[in-house]
Amino acid sequence: MRVTWQVCAGCASEIPETDPHPRCPHCRGLLEVHHQAPVPGGNALRATFDARTALARGVLTSGVWRFSEVVLPNASAHVLSYPEGNTPLLAGTAVAAWAGARDLLLKHEGLNPTGSFKDRGMTVGVTQARRVGARAVACASTGNTAASLAAYAALAGLAALVIVPKGQVAAGKLAQALAYGARTLLVRGNFDDCLELVDQASERLGVYLLNSVNPFRLEGQKTIVLELLQQLAWEPPDWIVVPAGNLGNTAAFGKALEEARAWELIDRTPRLAAVQAEGAAPFAHSFREGFARPHRVAPHTVATAINIGNPVSYARAVRAIRDTNGVVTTVSDAEILEAKAVVDGAGLGCEPASAAAVAGTRRLIGEGVIDAGARVVAVLTGHLLKDPEAVTRYHQELEPRPPRANRPVEIEARLEAVERALGA
Ligand code: F0G
């Protein structure tokens, strides 16, 4: 009996698990991974997952492969793991107070090996690349996918190609791609141009495409949700709030929740809230029109990770929002930067796109969409050091000085100068 297979969302063709095409070979539609329901499910499956948290060695210590029965059950010998995941669920009292939430938890995905949630999808994507015998892997990226792909390709001994928009990738991310040895192309265009380019180039060059077009990436990203549910002893929160760009995570979260419910890991479904930057909000426009059609915009936001105008996982994400009775909202760049200063100032730290989740939580509570007493988990998707320039600009350069700016003071090397600077 087959355990895992792929289904085309366009023409409903069923395709074997190890078919190497990242899109439907018949109609180029997006593929989805299907698994046979794990037996047993429910309590017994939860117990299996829980028992593995005590392991000290081996691939099942990964926060992704701990859930292998619902991620990629047949991958065994090919699994390539750093390991990744096992990220903390943090209380962040100061952040909750700023957001007006009584029960806000922060799932810090910035604490993955390359500093973003992308590692969860990439361990599965590169594992699948090995299963299909790929020699090289490629992606377009706003930076984090590139960093993660470069690292995992290096771990696997595969050649890596990353295509990124010139001048729109945060310094830490570009540094990682170069350091891990990926062939890096800086495109004079935006992320949407890069994605179209890599989609064509990967086919022409016979390189395995590892953008979130690739459904195996999403199987890995599902474990953000599975792990946070496990950390809450399988007692679901009321809301999960996530920043949204290319919509891979929104789609993966919806799939994780649908399966978790079907396989009786949880008995009620949290609501999803996807948060976009005002200047890059095609999905939010569609939501306001009842998802009548996808939109395409010329994107512009300080949160370069989500500076995306034509999200590829649109249809998958619509399903995720509908199935979870979810919402899509927007926040301004100023709100993103303030939320980031609050998260950073609390000692937690995140990159600008991640702060959109916190700014979005505040906005949705303010509007009464999320109840102030609801249990909310917001996902911090990337590490503070990914984008050091955003920090410098906010604290040292912006005029007028933002409310939370922490300006450094330059002084002579004398004690009186220290005293004067401290107002002593
Ligand atoms: N947060 C961060 C830090 C990201 O890097 C991304 C996406 C998102 C949120 C949005 O997630 O695309 O699944 O809706 N970064 C991609 C990249 C596009 O290339 O690194 P999404």
Side-chain angles (χ1 to χ4, degrees), residues 63-64 82 84-90 92 95 106-123 139-152 162 164-165 168-177 179-180 191 211-212 217 220-221 223-224 227-228 240-250 252-253 274-277 280 301-308 331 333 336-337 339-361 377-394:
V64 172
Y82 191 108
E84 48 291 307
N86 295 311
T87 59
L89 195 55
L90 304 164
V95 180
L106 302 165
K107 178 73 172 153
H108 205 328
E109 287 297 303
L111 299 177
N112 271 291
T114 77
S116 83
F117 71 93
K118 302 290 181 181
D119 295 337
R120 291 186 186 260
M122 208 50 77
T123 179
C139 72
S141 179
T142 55
N144 280 324
T145 303
S148 185
L149 176 115
Y152 279 82
V162 309
V164 298
Q168 296 175 41
V169 175
K173 305 174 188 181
L174 185 57
Q176 286 177 295
Y180 294 130
F191 169 80
N211 269 96
S212 55
R217 284 265 317 277
Q221 289 174 205
T223 65
I224 301 169
E227 192 173 87
L228 77 84
I240 298 176
V241 187
V242 64
N246 214 18
L247 303 178
N249 245 359
T250 307
F253 284 25
V275 185
Q276 297 208 286
T301 167
V302 287
T304 52
I306 52 174
N307 195 42
I308 295 174
V331 288
D333 280 3
I336 288 174
L337 290 177
K340 176 175 152 56
V342 170
V343 173
D344 292 353
L348 306 174
C350 68
E351 66 165 283
S354 313
V358 173
T361 301
V377 177
V379 181
L380 300 179
T381 46
H383 197 281
L384 179 149
L385 291 175
K386 289 283 191 173
D387 193 348
E389 284 158 356
V391 179
T392 308
R393 219 178 305 123
Y394 183 87

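Just so it is clear, the structure is predicted and the values come from calculations on it, not from any experiment.
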Side chains of residues 353-361: which donor-acceptor pairs under 3.5 Å do they make with residues two or more places apart or in other chains?
unit_1	atom_1	unit_2	atom_2	d
Ser354	OG	Thr381	N	3.1
Ser354	OG	Thr381	OG1	2.9
Ser354	OG	Gly382	N	2.8
Ser354	OG	Gly382	O	3.4
Thr361	OG1	Ala357	O	2.7

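The closest side-chain heavy-atom distance from Leu106 to Leu89 is not below 4.5 Å. The shortest distance between side-chain heavy atoms of Thr304 and Val169 does not fall below 4.5 Å. When side chains are defined from C-beta on, Val377 does not count as touching Val241, because their heavy atoms never get closer than 4.5 Å. Taking the side chain as every heavy atom from C-beta outward, Val64 and Glu227 never approach each other to under 4.5 Å.
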Exercise for the section: Applying side chain to side chain contact (heavy atoms under 4.5 Å, CB included), run through Val331 and Gln276 and close with a yes or a no. Expected result: CA-CA 6 Å; Val331 288; Gln276 297 208 286; over 6 Å; no

Point to revise | Worked verdict on Phe191 versus Asn246 for side chain to side chain contact (heavy atoms under 4.5 Å, CB included) | key: CA-CA 10 Å; Phe191 169 80; Asn246 214 18; 3.7 Å; yes

Exercise. Starting from the C-alpha separation in whole Å, work towards a yes-or-no answer on side chain to side chain contact (heavy atoms under 4.5 Å, CB included) for Tyr82 and Tyr152.
Key: CA-CA 8 Å; Tyr82 191 108; Tyr152 279 82; 3.4 Å; yes

Item to check | Worked verdict on Leu111 versus Glu109 for side chain to side chain contact (heavy atoms under 4.5 Å, CB included) | outcome: CA-CA 5 Å; Leu111 299 177; Glu109 287 297 303; over 6 Å; no

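Between Thr301 and Ala280, the shortest heavy-atom contact is CG2-CB, 4.1 Å. When every heavy atom of Gly63 is checked against every heavy atom of Asn86, the shortest pair comes out as N-ND2, 3.4 Å. Between Ile336 and Pro352 the shortest heavy-atom distance is CG2-O, 3.3 Å. Minimum interatomic distance between Ala147 and Lys386 (heavy atoms only, all atoms of both residues): CB-NZ, 3.9 Å. For the residue pair Arg217 and Asn211, the shortest heavy atom distance occurs at NH1-C, 3.2 Å.
For the side chain to side chain donor-acceptor pair (under 3.5 Å) test, residues two or more places apart in sequence or in another chain that qualify with Glu351 are Asn144, Lys173. Listed by chain and number, the residues in a side chain to side chain donor-acceptor pair (under 3.5 Å) with Thr223 are Arg120 (sequence neighbours excluded).
Expressed to the nearest 0.5 Å, how far CG of Leu384 lies from SG of Cys350 amounts to 7.0 Å. For the atom pair CD of Gln221 and CZ of Phe253, the computed distance is 8.0 Å after rounding to the nearest 0.5 Å. For the atom pair OG1 (Thr114) and CG (Asp119), the distance works out to 3.5 Å, reported to the nearest 0.5 Å. To the nearest 0.5 Å, atom OG1 of residue Thr142 and atom NZ of residue Lys118 are 6.0 Å apart. Taking CZ from Phe117 and NE2 from His383, the interatomic distance works out to 15.5 Å, rounded to the nearest 0.5 Å. Going from atom NZ of Lys107 over to atom CG of Leu228 covers 6.0 Å, rounded to the nearest 0.5 Å.
A distance-only check finds no donor-acceptor pair linking the side chain of Asn112 to the backbone of Gly115 [under 3.5 Å].
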